Amino acid sequence: MFDYVIVGAGFAGSVLAERLASQSGKKVLLLDKRNHIGGNAYDFYNEDGILIHKYGPHIFHTNSAEVFNYLSQFTKWREYEHRVLASVDDKLLPIPINLDTVNKLYNRNFTSEELAKYFEEVGEKKDEIRTSEDVVVSQIGRDLYEKFFRGYTRKQWDCDPSELDKMVTSRIPTRTNQDDRYFTDEFQFMPLLGYTRMFENMLNHPNIHIMLNTNFADVKDFFDYDQVIYTGPVDEYFDYCYGKLPYRSLCFEHTTLDMPQLQPVAVVNYPNSENFTRITEYKHLTGQEHTKTSITYEYPCWDGDPYYPVPKPENAELYQKYKAMTELLPNVHFVGRLGTYKYYNMDQVVAQALTLYKKLSGIDTLRDLAVPKANKTKVNGSAVPKIGSPVFKG
Ligand SMILES: Cc1cc2nc3c(=O)[nH]c(=O)nc-3n(C[C@H](O)[C@H](O)[C@H](O)COP(=O)(O)OP(=O)(O)OC[C@H]3O[C@@H](n4cnc5c(N)ncnc54)[C@H](O)[C@@H]3O)c2cc1C
């Protein structure tokens with residue numbers, strides 16, 4: 001007899017399993033159809049002994065001290081600021097586009113003020129910003145859009161940016177300074193010993209029973225339980241009764257090269273050439289030292305595991321139909337990227353799971369981990385409470 005069956009051992013399912021077991025004393029059965037915990041953040045040592053991410057690069061970044069503090073109970077961190085280059089016109093140029101990108105691309109010598117003026121001149125005036133194309137061409141003009149965004153987006157989504165919701169390209173800023181960090185969040189770290197080790201620490205509790213290689217649909221009638229937390233695809237739960245919600249998938253080609261380093265940064269994007277979108281080199285992320293280096297090519301495709309909900313109005317409408325069905329099931333809770341058909345980063349999924357935990361238990365982990373202003377301590381240049389302060393119960 002379990003209090004909860006949790007479907008999916010990614011961030012959403014694992015946070016809820018940890019909270020329900022360790023804070024509320026509930027008995028939890030955690031299922032995953034894959035042969036490992038960690039969901040898409042799973043990492044492992046390959047046959048050459050290099051730590052790689054099975055489902056592509058996962059970089060932790062957040063502005064939430066509460067989320068960072070919560071996860072800090074289960075891992076130490078390695079400081080890491082992500083940088084990405086794009087291969088354009090035979091040059092490797094910073095992305096997001098910044099002052100150096102434009103100066104190096106066009107052999108110019110703009111100052112920040114001159115670049116801001118340039119963007120104003122080349123940006124196309126739009127009455128309404130509706131699509132991903134509108135966002136970019138209105139900010140930086142058509143040439144930079146064609147060189148950095150159009151081809152990449154077409155590969156990634158198999159459609160033109162003019163057909164995609166504005167949120168896809170709105171996520172990527174444009175800068176007139178030389179800041180070449182991909183993210184500007186306050187907390188940018190990688191789990192020191194990897195994500196999988198962090199998940200193992202979260203789930204190491206006698207009240208959590210884990211079953212891998214197990215599809216919920218195959219076993220749901222064999223156990224007694226009160227409630228279900230479902231982090232798999234919401235349309236699959238309802239047997240696709242309104243039709244399939246489309247997801248974009250990726251094919252990952254992992255390989256190891258007999259050289260210590262291939263590229264200057266962890267990720268190089270290929271917006272225009274090649275069939276893959278990007279190459280990731282893991283040693284930049286993990287800091288591992290090794291005579292060889294492991295890399296991953298990413299090929300977007302339609303068949304395969306569901307990764308990215310496709311942000312189009314008709315899909316949002318279809319999701320609303322499934323959402324209405326979820327509301328008729330008070331003992332089944334849908335959460336996570338697949339359960340709510342929404343593109344979330346890891347920290348957002350952690351916050352979403354902690355919010356659901358509050359609803360189920362009345363215990364507000366995010367509030368408990370909030371930092372009283374007077375108690376703020378500088379750690380690695382960021383304001384966080386001291387590890388070992390009363391908020392860390394683990
Ligand atoms: C290529 C890629 C790169 C990313 N990079 C970043 C990044 O750099 N930074 C960042 O913050 N976020 C990143 N993300 C997003 C991140 O992966 C998600 O935010 C996070 O994994 C979501 O966690 P989740 O628990 O909702 O889903 P998942 O991690 O997908 O976990 C869901 C789990 O449910 C299991 N499952 C599904 N259906 C069933 C079933 N019927 N029975 C049993 N088990 C089932 C699945 O096997 C899966 O393990 C990236 C995502 C991708 C695809």
Side-chain angles (χ1 to χ4, degrees), residues 5-18 29-43 52-64 67-68 71 80-84 156 171 182-183 185 187-191 195-196 198-199 202 210-220 228-240 247-252 254 266-267 276-278 280 282 285 296-301 304-309 332-354 356:
V5 168
I6 300 183
V7 182
F11 266 100
S14 297
V15 167
L16 279 150
E18 185 280 327
L29 174 62
L30 179 62
L31 305 176
D32 205 297
K33 61 184 177 189
R34 289 170 168 164
N35 63 0
H36 57 74
I37 56 172
N40 288 339
Y42 172 71
D43 54 14
I52 72 164
H53 297 185
K54 181 164 184 177
Y55 306 98
H58 276 70
I59 293 104
F60 184 77
H61 57 101
T62 188
N63 281 317
S64 165
V67 166
F68 180 70
L71 293 176
Y80 170 74
E81 285 184 331
H82 193 45
R83 287 182 170 76
V84 178
Q156 180 73 19
R171 294 166 63 89
Y182 199 74
F183 306 112
D185 300 47
F187 303 94
Q188 303 189 41
F189 294 95
M190 295 293 288
Y195 288 97
T196 303
M198 180 178 79
F199 279 98
M202 286 172 91
I210 301 174
M211 280 179 76
L212 299 176
N213 301 302
T214 307
N215 192 324
F216 177 60
D218 297 337
V219 299
K220 63 180 182 201
V228 175
I229 291 172
Y230 193 83
T231 77
V234 59
D235 53 343
E236 185 181 291
Y237 184 90
F238 294 106
D239 282 333
Y240 309 104
Y247 287 93
R248 195 72 172 139
S249 190
L250 291 168
C251 175
F252 299 102
H254 303 292
V267 171
F276 48 83
T277 45
R278 58 180 182 173
T280 299
Y282 294 98
L285 303 178
T296 297
Y297 300 89
E298 276 176 45
Y299 296 88
C301 53
D305 282 354
Y307 292 132
Y308 299 108
V332 186
H333 311 279
F334 293 82
V335 63
R337 209 185 230 216
L338 305 171
T340 53
Y341 195 65
K342 186 141 197 268
Y343 185 98
Y344 284 124
N345 283 325
M346 296 181 282
D347 63 320
Q348 295 170 308
V349 170
V350 172
Q352 193 194 37
L354 292 174
L356 174 58

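FYI, side chains are in, hydrogens and waters are out, and symmetry mates aren't considered; it's all heavy atoms of this structure. All values derive from a computational prediction rather than experimental measurement. In listed order, ligands and their atoms are each counted from 1.
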[X] side, atom [atom1]; [Y] side, atom [atom2] - distance, nearest 0.5 Å:
| X | Y | atom1 | atom2 | result |
| --- | --- | --- | --- | --- |
| Glu81 | Ile59 | CD | CD1 | 12.5 Å |
| Phe187 | Leu71 | CZ | CG | 11.5 Å |
| Phe216 | Leu31 | CZ | CG | 7.5 Å |
| His254 | Glu298 | NE2 | CD | 9.0 Å |
| Thr340 | Gln348 | OG1 | CD | 10.0 Å |

Angle class for the His82/Tyr80 ring planes (parallel below 30°, perpendicular above 60°, tilted otherwise)? tilted
Could you label the plane-to-plane angle of the Phe183 and His61 rings as parallel, tilted or perpendicular, counting under 30° as parallel and over 60° as perpendicular? parallel
Within-shell test, [X] vs ligand 1, heavy atom, strictly < 4.0 Å:
| X | result |
| --- | --- |
| Tyr230 | yes |
| Ala217 | no |
| Phe60 | no |
| Ala353 | no |
| Thr62 | no |

Show which atoms of ligand 1 fall inside a sub-4.0 Å distance from at least one heavy-atom site of [X].
| X | result |
| --- | --- |
| Gly336 | 26 (O) |
| Val349 | 19 (O), 22 (C), 23 (O), 26 (O) |
| Tyr344 | 15 (C), 18 (C), 19 (O) |
| Gly39 | 29 (O), 31 (O), 49 (O) |
| Thr231 | 32 (C), 34 (O) |

For the side chain of [X] and the backbone of [Y], is there at least one donor-acceptor N/O pair under 3.5 Å apart?
| X | Y | result |
| --- | --- | --- |
| Asn345 | Asp347 | no |
| Ser14 | Ala9 | yes |
| Arg337 | Val349 | no |
| Thr214 | Asp32 | no |
| Thr231 | Val335 | no |
| Thr296 | Thr280 | no |

[atom]: the protein heavy-atom neighbour that sits closest, reported with distance to 0.1 Å:
| atom | answer |
| --- | --- |
| atom 38 (N) of ligand 1 | Gly232 CA, 3.6 Å |
| atom 6 (C) of ligand 1 | His58 CD2, 3.8 Å |
| atom 34 (O) of ligand 1 | Gly8 CA, 3.2 Å |
| atom 46 (C) of ligand 1 | Asp32 OD1, 3.5 Å |
| atom 9 (N) of ligand 1 | Ile59 O, 2.9 Å |
| atom 21 (O) of ligand 1 | Asn40 CB, 3.7 Å |
| atom 15 (C) of ligand 1 | Arg337 NH2, 3.1 Å |
| atom 52 (C) of ligand 1 | Tyr308 OH, 3.8 Å |

Can you tell which part of Leu250 has a heavy atom less than 4.0 Å from ligand 1: side chain, backbone, both or neither? side chain
Tell me the contacting part of Glu236 for ligand 1: side chain, backbone, both, or neither, using a 4.0 Å heavy-atom threshold, strictly below.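 Within the 4.0 Å criterion, Glu236 contacts ligand 1 through side-chain atoms alone.
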Taking ring pair (Phe, Tyr, Trp, His ring centres under 6.0 Å) as the criterion, tell me which of Tyr42, Phe60, Tyr195 meets it with His53. Tyr195
Residue among Tyr55, Tyr343, Tyr247 satisfying ring pair (Phe, Tyr, Trp, His ring centres under 6.0 Å) with Tyr308: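 Between Tyr308 and the candidates, ring pair (Phe, Tyr, Trp, His ring centres under 6.0 Å) is satisfied uniquely by Tyr343.
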Option with minimal heavy-atom separation from atom 40 (C) of ligand 1, where the choices are Val7, Ile6, Leu30: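 Among Val7, Ile6, Leu30, the closest heavy atom to atom 40 (C) of ligand 1 comes from Val7.
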Any donor-acceptor N or O pair under 3.5 Å, side chains Thr196, Asp43: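 Their side chains do contain a donor-acceptor pair, which is all the 3.5 Å distance test asks for.
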Any N/O pair [X]/ligand 1 closer than 3.5 Å:
| X | answer |
| --- | --- |
| Asn215 | yes |
| Phe252 | no |
| Met346 | yes |
| Lys33 | yes |
| Glu298 | no |
| Pro57 | yes |
| Phe11 | yes |
| Phe216 | yes |

Please lay out, stage by stage, how Tyr344 and Phe11 fare under the test ring-ring contact (aromatic ring centres under 6.0 Å, His included). CA-CA 11 Å; Tyr344 284 124; Phe11 266 100; over 10 Å; no
Counting only heavy atoms on the protein side, is anything nearer than 4.0 Å to atom 27 (O) of ligand 1?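 Flag for atom 27 (O) of ligand 1 set to false, no protein heavy atom closer than 4.0 Å.
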